[in-house]
Amino acid sequence: MLDIKFIRENVDIVKNACKVKGFKDYTDEIIVLDTRVRELKTLTQTKTAEKNKITKEIPTAADKTSLIAKSKTIGDEIAADIDELATKEAELNDLLHRVPQIPSSDAPVGKDEESNIEIRRVGKPKKFNFELRPQWDLLDMNNWWAPEKIAQICGTRTYALMGEAAELDLAIQTFVIQKLISKGFIFVQCPAITKPQTIFDAGHFMGSDLSVMNNDVFMLTDTDRCLAGTAEIVLNSLHCDEILPESELPIKYAGYSPCFRKEAGAAGRDTRGLVRFHQFHKVEQYIYCKPEQSDEMHELLLNNLFEIMEDLELPYRVIASSTGDMGFNKVKMHDVEAWFPSEDAYRELGSCSSIGEFQARRTNTRFRENGTNDVKFCATLNNTGIALPRAIVPVIENHQNADGSVNIPKALQPLMGGRKTIGGRK
RNA sequence: GGAGACGUGGCAGAGUGGUUGAAUGUACCUGACUCGAAAUCAGGAAUACGGGAAACCGUAUCGAGGGUUCAAAUCCCUCCGUCUCCGCCA
């Protein structure tokens with residue numbers, strides 16, 4: 001969420017953000033409510049001060065009865081104002097949670113992904129001198145999965161990796177985790193089970209009614225819990241209600257967790273292959289820093305993902321997301337897309353987001369500034385480290401051989417017992 | 001799953017209805033003493049919101065929310081969390 005003071009003083013900026021991001025503009029209602037709320041606060045506080053004063057005199061007063069009566073009268077007056085205040089504050093709070101983060105001035109303006117801009121391209125799609133096999137053929141012929149069986153027993157959008165593909169999955173995860181650890185990230189294994197409030201605090205959802213997330217999030221029946229769609233959720237709340245010393249910033253986390261998503265809006269899409277599932281596994285990069293460090297940290301996070309693409313020897317490109325495509329809570333977002341030969345296209349493997357103070361305001365995560373002793377909200381950022389099994393797809397497709405075997409990228413070979421290839425017709 | 005105990009400031013720990021935003025200890029910051037340090041002494045220091053140019057003033061906060069009362073850290077209810085024992089278990 002944004003600071004009400006900021007909204008009050010920068011109505012035009014906020015209105016513009018609503019417009020370019022494609023969200024309904026509630027600023028006018030907010031300003032009216034805010035004015036009334038402050039009026040009521042001043043009023044009730046003045047009356048409360050008066051009442052407190054009388055109450056304090058009661059124990060030592062000669063005539064207690066009249067003071068008690070007086071105090072009671074003021075109490076009744078306050079009660080009426082408090083009622084209105086509570087209602088108005090709840091309304092205001094709900095609307096404040098519907099105001100989007102202000103996008104960065106360097107983000108492309110546009111209403112959807114049509115306006116996204118490619119800003120970087122590394123590596124060239126390899127020319128194959130044989131007929132390349134799409135992922136599902138490679139997986140079939142090497143017995144690396146069992147899609148029909150798994151769908152039958154576990155339902156659609158589930159998968160099981162088998163044999164060398166399962167090993168490869170684990171090797172990629174381990175590789176990325178070790179890499180991030182070597183760069184000073186703290187490795188955190190995050191729970192996937194969490195409370196709805198935690199998901200809400202990550203700022204992907206609007207308003208104050210938590211039930212809005214039911215469409216996207218798996219709720220656990222008969223409990224107050226649900227399944228997180230990313231480790232970002234838990235990492236984002238890891239320091240809630242804390243005041244961190246400035247000297248500790250930036251804090252970098254590499255979170256690993258299973259991720260659960262309903263994929264309600266993706267019916268019929270990516271139903272074949274290892275691309276889209278209700279459960280997948282992800283290493284997530286997450287940073288807490290000072291607001292002025294955001295851009296630097298954004299580059300750092302992006303570069304880590306570039307390195308990972310290069311270590312996996314994948315051709316990739318980078319997309320600057322437009323205002324309309326980046327989402328409710330983001331300042332800016334870059335997608336990293338790897339080359340998927342079978343689709344003759346680049347597809348998203350990771351998404352790097354700069355959130356500013358938006359999430360920290362929801363989680364109340366702050367830091368104390370060295371010189372001034374002021375308490376300020378942290379900025380947060382997140383980027384994918386690697387998401388599996390999707391990342392398996394470009395690895396096996398790009399590195400396939402004519403016999404259906406797959407070359408292991410050099411960086412992964414030590415984690416695959418030194419093997420240089422897996423699979424293939426014996 | 002069964003039984004019990006508990007949740008106060010950075011930490012420890014008083015406080016069972018009124019002058020307690022909260023004793024005391026400790027950690028922290030500043031000053032004095034010192035060549036410097038330790039020790040000692042003096043002082044300072046929470047967060048949010050509202051008002052104010054500011055100094056500052058007011059209100060709220062003793063896990064969270066609600067209730068009783070003129071008045072709640074203190075009494076009642078609900079929820080959350082922690083700990084101990086038993087059971088179960090990777």
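Because the structure is predicted, anything quoted here is derived from the model rather than measured. Each chain gets a letter, A, B and so on, in the order the sequences are listed, and its residues count up from 1.
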Using OP1 and OP2 only, check whether a side-chain N or O of [X] sits under 4.0 Å from [N].
X: A:Arg366; N: B:U47; result: no
X: A:Lys51; N: B:A71; result: yes
X: A:Arg368; N: B:C28; result: no
X: A:Asn52; N: B:A71; result: no
X: A:Lys72; N: B:C70; result: yes

Within the distance-only criterion (no hydrogens, no angle test), does the side chain of [X] pair as donor or acceptor with the backbone N or O of [Y] below 3.5 angstrom?
X: A:Ser354; Y: A:Leu381; value: no
X: A:Gln359; Y: A:Ala202; value: yes
X: A:Asn383; Y: A:Tyr286; value: no

So [X], base contact, sugar-phosphate only, or nothing? Heavy-atom distance under 4.0 Å.
X: A:Thr55; answer: base
X: A:Arg225; answer: nothing
X: A:Lys41; answer: sugar-phosphate

Give the rounded distance in Å between these two atoms: [atom1] of [X] and [atom2] of [N].
X: A:Asp241; N: B:U61; atom1: CG; atom2: C1'; value: 13 Å
X: A:Asp3; N: B:C49; atom1: CG; atom2: P; value: 8 Å
X: A:Leu92; N: B:C49; atom1: CG; atom2: P; value: 13 Å
X: A:Asn364; N: B:U61; atom1: CG; atom2: P; value: 17 Å
X: A:Lys56; N: B:U19; atom1: NZ; atom2: C1'; value: 7 Å
X: A:Ile54; N: B:U59; atom1: CD1; atom2: C1'; value: 16 Å

Among the candidates [options], find the nucleotide nearest to the side-chain atoms of [X].
X: A:Pro59; options: B:G18, B:G50, B:U59; answer: B:G18
X: A:Arg38; options: B:G50, B:U47, B:U59; answer: B:G50
X: A:Lys195; options: B:U47, B:G81, B:G50; answer: B:G81

Side-chain contact, heavy-atom cut-off 4.5 Å: [X] with [Y]?
X: A:Val275; Y: A:Gln135; value: yes
X: A:Asp25; Y: A:Val99; value: no
X: A:Gln413; Y: A:Arg419; value: no

Between [M] and [N] - [atom1] atom distance, rounded Å:
N: B:U20; M: B:C76; atom1: P; answer: 24 Å
N: B:C11; M: B:U59; atom1: P; answer: 27 Å
N: B:A64; M: B:G9; atom1: P; answer: 10 Å
N: B:A90; M: B:C77; atom1: C1'; answer: 39 Å
N: B:G66; M: B:A54; atom1: C1'; answer: 40 Å
N: B:G17; M: B:G67; atom1: C1'; answer: 15 Å
N: B:C75; M: B:U84; atom1: C1'; answer: 27 Å
N: B:A32; M: B:A39; atom1: C1'; answer: 14 Å

Hey, which sits more toward the 5' end of RNA chain B by its nearest nucleotide, A:Ser71 or A:Lys5?
->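 Its nearest nucleotide lies further toward 5', so the answer is A:Lys5.
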Relative to the 5' end of RNA chain B, which residue comes earlier, A:Ile58 or A:Thr46, by the nucleotide with the nearest heavy atom?
->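 The answer here is A:Thr46.
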Given the side-chain rings of A:Phe200 and A:Phe205, with only the six-membered ring counted for Trp, is the space between their centroids under 6.0 Å?
->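 Here the rings of A:Phe205 and A:Phe200 have centres that are no less than 6.0 Å from each other.
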Proximity of A:Phe185 and A:Tyr253 rings by center, below 6.0 Å =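 No.
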Base-paired stems that RNA chain B participates in, counting runs of 3 or more Watson-Crick or G-U pairs under 3.5 Å |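 Consecutive-pair runs (3 or more) involving RNA chain B: B:1-7 with B:80-86, B:10-12 with B:24-26, B:28-32 with B:40-44, B:46-51 with B:56-61, B:63-67 with B:75-79.
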How are the rings of A:Tyr256 and A:His281 set relative to one another: parallel (under 30°), tilted (30 to 60°) or perpendicular (over 60°)?
->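 Rings of A:Tyr256 and A:His281: parallel, as their planes differ by under 30°.
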